[in-house]
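Quick notes on the structure that follows.
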Amino acid sequence: MNFPPPATGFPKRQNRTLKVYLLGCVDFDSLLFLQERALREIDDQQDDQAVLFVCEHPPIVTVGREGSHHQLSGSYHDLKAGQIEVRWTSRGGGALLHAPGQLAVYPLLPLKQLGIGISGFRKRLQQATLSTATELGVECETCPDDSGILSRCGQFAFLGAAIKSWISYYGLYINVSPDMKLQRLIDANRYDHRVTSLSATLTREASMGSVRESIIRNLARQFGYQDPHIFTRHPLLNRVKKKVYVDT
């Protein structure tokens, strides 16, 4: 599936800046703080500067606007036993379990300045993910409800974006090589799609570094940003390690 190149409706500007923060494994609350802070800064600036947070999370379940208690009904005991917190959020999509090995991508983009509507934003997120998977040799397609990306083995990428004051936040989650026992604790979609990972689809370990580099490059291309500025830390970052045990 191919989408047309970005058409902003504004003259091309060579000085657009995309700041990309590679955060490693960061707790969910710290990421929310960084996201809200960046959202306010972009709103105040009223230009086409953008921020991209790329990270992994310690195990936590988040439930988006389309989620329900039903998606968690069979796993409350396991989640509680594993000390995995459940958080209800304002993003799109349903329930997702985040854990190391899943790449979390948060694009904060000034859509009004870029001349991109909600549909165009979602299509560009999808196309960036499709392009990344194709580069890895994975045949894939979009889900029927546009909630993510499917391979022959099941759904490995999930869209969960939100928009505030025409600035995007939250965004995209890609199962690269997470512990699939954790991923299958919840019902992650409304269709009967098996939850899988890029590693399972490839039948070999997918490189987190390769996926990270590819999705950054493809997102920058889809939204018209050249030469992203890469940062390997954030001065307000709080990194944590958390062990979770699940009975099998």
Side-chain angles (χ1 to χ4, degrees), residues 15-45 47-62 84-85 87 89-91 96-110 113-114 125 128-129 132 135-136 157-162 164 167-179 182 197-199 205-244:
N15 62 343
R16 281 182 180 166
T17 300
L18 174 62
K19 294 181 180 180
V20 180
Y21 292 92
L22 309 181
L23 303 181
C25 190
V26 58
D27 68 279
F28 190 71
D29 285 337
S30 291
L31 188 281
L32 290 185
F33 173 78
L34 295 179
Q35 183 176 244
E36 289 294 334
R37 185 173 183 270
L39 197 155
R40 290 194 300 271
E41 290 176 350
I42 292 171
D43 192 28
D44 290 341
Q45 290 167 357
D47 58 20
D48 51 14
Q49 310 310 298
V51 173
L52 183 65
F53 293 121
V54 183
C55 65
E56 299 172 60
H57 292 305
I60 186 172
V61 173
T62 64
I84 300 176
E85 186 180 358
R87 299 284 298 277
T89 71
S90 61
R91 65 165 172 78
L96 293 175
L97 196 149
H98 313 289
Q102 180 193 80
L103 189 64
V105 184
Y106 298 89
L108 286 96
L109 304 164
Q113 279 72 21
L114 297 178
L125 280 184
T129 311
T132 290
E135 290 176 11
L136 294 173
F158 304 83
L159 270 61
K164 182 178 182 180
I167 301 169
S168 66
Y169 63 114
Y170 285 105
L172 172 68
Y173 303 92
I174 303 173
N175 286 344
V176 180
S177 56
D179 183 345
L182 288 176
S197 68
L198 289 172
S199 291
E205 190 75 9
S207 166
M208 178 65 75
S210 296
V211 177
R212 186 169 53 227
E213 183 278 331
S214 179
I215 195 65
I216 292 170
R217 173 167 40 80
N218 282 299
L219 282 171
R221 179 184 302 155
Q222 283 296 315
F223 291 99
Y225 289 91
Q226 299 178 356
D227 302 321
H229 299 270
I230 308 293
F231 301 89
T232 57
R233 64 181 301 275
H234 194 287
L236 301 178
L237 177 65
N238 176 29
R239 290 181 178 170
V240 300
K241 292 184 179 179
K242 180 179 180 181
K243 293 183 179 180
V244 175

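Residues Ile60 and Glu85 come closest through the heavy atom pair CG1-O, 3.3 Å. Nearest heavy atom pair, residue Gly171 against residue Pro107, reads CA-CD, 3.9 Å. Nearest heavy-atom pair, Pro178 versus Ser197, reported as atom, atom and distance to 0.1 Å: CD-CB, 3.9 Å. Taking all atoms of both residues into account, the shortest heavy-atom contact from Tyr225 to Asp48 is OH-O, 2.6 Å. Between Tyr170 and Gly160, the shortest heavy-atom distance links the atoms CB-O, 3.1 Å.
Using modelled atom types, no side-chain atom of Ser177 and backbone atom of Glu205 make a donor-acceptor pair closer than 3.5 Å. For the pair Ser210 (side chain) and Ala206 (backbone), a donor-acceptor distance under 3.5 Å is absent. Glu56 contributes no side-chain N or O that, together with a main-chain N or O of Gly24, makes up a donor-acceptor pair within less than 3.5 Å. When atom types are taken as modelled, the side chain of Arg16 and the backbone of Leu114 share no donor-acceptor pair closer than 3.5 angstrom. A donor-acceptor pair under 3.5 Å is absent between the side-chain atoms of Gln49 and the main chain of Leu109, judged by distance alone. Side chain of Thr132 to backbone of Ala128: a donor-acceptor contact under 3.5 angstrom is found.
Residue Gln102 holds its CD atom at 11.0 Å from SG of Cys25, rounded to the nearest 0.5 Å. Here the straight-line distance linking atom CG of Leu39 with atom CD1 of Ile167 works out to 4.5 Å at 0.5 Å rounding.
Side chains of Arg87 and Val61 form no contact here, defined as non-hydrogen atoms less than 4.5 Å apart. Between Phe53 and His234 the shortest side-chain heavy-atom distance falls below 4.5 Å. Leu18 has its side chain out of reach of His229: every pair of non-hydrogen atoms, C-beta onward, lies at least 4.5 Å apart. For the pair Asp27 and His57, the minimum side-chain heavy-atom distance is 4.5 Å or more. Contact check for Thr62 versus Leu97: no side-chain heavy atoms found under the 4.5 Å cut-off. Residues Val105 and Ile216 fail the side-chain proximity criterion, which asks for heavy atoms closer than 4.5 Å. In this structure, the side chains of Gln222 and Arg217 stay at 4.5 Å or more apart for every pair of heavy atoms.
Shown are Leu34, Val54, Leu52, Val51; of these, the side-chain contact (heavy atoms from CB on, under 4.5 Å) with Tyr21 is made only by Val51.
Remark: Tyr173 pairs with His98, Tyr106 by the ring-ring contact (aromatic ring centres under 6.0 Å, His included) rule, at least two apart or across chains.
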Take Leu96 and Arg91 through the side chain to side chain contact (heavy atoms under 4.5 Å, CB included) test and state the conclusion after the steps.
-> CA-CA 11 Å; Leu96 293 175; Arg91 65 165 172 78; 3.7 Å; yes
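Classification of Glu41 and Lys19 as a salt-bridged pair fails, no side-chain N sitting under 4.0 Å from a carboxylate O. Here Lys164 does not pair with Asp43 in a salt bridge; the nearest charged N to carboxylate O distance is not below 4.0 Å.
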